[in-house]
Number of protein chains: 2
Amino acid sequence: MAKPSKENSPITEHLAYLLAQANREINRQLELRLSKEGVPVEQWRILKVLSDGNGHSMGELADAVLLNHPTLTKMIDRMVSDTLVYRVQDPNDRRKVLMFISDRGKVLSKKLNSLAVDQEEHILESYGDKSTSELKRLLESLIDSSN
Amino acid sequence: MAKPSKENSPITEHLAYLLAQANREINRQLELRLSKEGVPVEQWRILKVLSDGNGHSMGELADAVLLNHPTLTKMIDRMVSDTLVYRVQDPNDRRKVLMFISDRGKVLSKKLNSLAVDQEEHILESYGDKSTSELKRLLESLIDSSN
DNA sequence: TTGAAAATATTGAATATTCAACAATTGAAG
DNA sequence: CTTCAATTGTTGAATATTCAATATTTTCAA
């Protein structure tokens, strides 16, 4: 009897593929909601991180919002033009730039958050409370174990 | 006592964010392995799907490998240049193009699969057998419930 | 049977991302 | 101190992706 070889297993059984597929779908749904305000998902993330009111350096932000540095720089350029955020040179380390959220940014951030919460609630309904929290727990632990 | 509002919850608690983060990390690891053969993750997916030896239309492929049509067309153009795959007009529906894997593609696909299996095994080690299969189960069910 | 609508794939222009090089500042070793 | 390496952020060119428009074929209703 031939033992089932992982090499022949369909792509749909690979964790990497399942993650990509789930991420694509959930992201698509979130995108759809945020498009009501004409804002890409990454900008929601940026505003959300900055809405603690503190200054965050570009490097810190890039890590937090899952973008690499040049991409973030250019996205921030756009957001500065839209007066959603602003740059301040870090007085303690003048290599760094500290990003802050503006008042306009705060207003937008609130709207985006409620759209995002809408989605989470929609997931909770169709997918279930228990599965959702279990999935979150497992994802956190996967991320931890990868560092 | 103020009830904790989801709007103020950190971004790291959102399912959409956790999925994006996990996907990014796992994908990065896979990319690293596949780069040994100089092949992007999407091409591995394409070769894997085509390695059943059947012809697959572009639309079918695009769905399976999570790319939209124009992006797939251009990636396939490159793979045709590299003689990894080839196009055949579908005789039953001449709007369609059927993609097939070449012999060279099959050889490469084997190498890529073992690199991908390496990664899965590495995940199993650091993350655990049980967590992995449970996570896969939950992801599949999330994907199902989103359609 | 004909003609309009739908399905399929590709193209080219517009947009976005990435890579490598750069500039500025800080840290740290001698 | 001084100098050299490391850190931080940005830029420009190269690459990749996306959107809208197109061409071709099929479907289906009249």
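Note on naming: letters A, B, ... go to the chains in the order of the sequence lines (proteins, then strands), and numbering restarts at 1 for each one.
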Would you mind reading off the distance between A:H69 atom NE2 and D:dA6 atom P, rounded to a whole angstrom?
17 Å

In whole angstroms, how far is the C1' atom of C:dT8 from the CD atom of B:Q89?
11 Å

Residue pair A:N68/B:E60 against DNA chain C: nearer the 5' end by closest nucleotide is B:E60

Pair A:E134, B:R137 - check salt bridge (charged side-chain N to carboxylate O under 4.0 Å, His left out), show working.
CA-CA 11 Å; A:E134 182 64 3; B:R137 196 185 64 73; over 6 Å; no

Show the numbers, then the answer: is there a side chain to side chain contact (heavy atoms under 4.5 Å, CB included) between B:L139 and B:L19?
CA-CA 10 Å; B:L139 286 172; B:L19 278 171; 3.9 Å; yes

Spacing between B:D77 atom CG and D:dA16 atom C1', to the nearest angstrom
13 Å

Using a strict threshold of under 4.0 Å (side-chain N to carboxylate O), is an ion pair present between B:E25 and B:R28?
yes

With a cut-off of less than 4.0 Å, is there a side-chain N or O of B:R78 near OP1 or OP2 of D:dA16?
yes

If the plane angle is over 60° it's perpendicular, under 30° parallel, otherwise tilted; pick one for B:Y86 and B:F100.
parallel

I want to check one thing: is the phosphate of D:dA16, taken as OP1 and OP2, less than 4.0 Å away from some side-chain N or O of B:T71?
no

Using heavy-atom distances to pick each residue's nearest nucleotide on DNA chain D, tell me which of A:P70 and B:L67 is more 5'.
A:P70

Can you find a side chain N or O atom of A:S57 that sits less than 4.0 Å from OP1 or OP2 on D:dG9?
yes

In this structure, how many angstroms lie between the C1' atom of C:dA9 and the CG atom of B:L98, rounded?
12 Å

Phosphate OP1/OP2 of C:dA9: any B:T73 side-chain N/O under 4.0 Å
no

Grab the CG-P distance between B:N92 and C:dA9 for me, whole Å please.
14 Å

Checking only heavy atoms, does the side chain of A:K74 share a donor-acceptor pair with the base of C:dT18 at less than 3.5 Å?
yes

Test side chain to side chain contact (heavy atoms under 4.5 Å, CB included) applied to A:L108 and A:D82, step by step:
CA-CA 11 Å; A:L108 178 57; A:D82 295 342; over 6 Å; no

Out of C:dT18, D:dG9, D:dT25, whichever nucleotide has its closest atom nearest the side chain of B:R94:
D:dT25

What is the distance, rounded to the nearest whole Å, between atom CG of B:D90 and atom P of C:dT10?
13 Å

With respect to the phosphate group of D:dG9, does any side-chain polar atom (N or O) of A:R87 fall under 4.0 Å of OP1 or OP2?
no

For the pair made of CG in B:L72 and P in D:dT17, what is the distance, rounded to whole Å?
11 Å

Find the distance B:E42:CD to D:dT15:P and express it as a whole number of Å.
18 Å

Any side-chain N or O of A:R95 below 4.0 angstrom from OP1/OP2 of C:dA24?
no

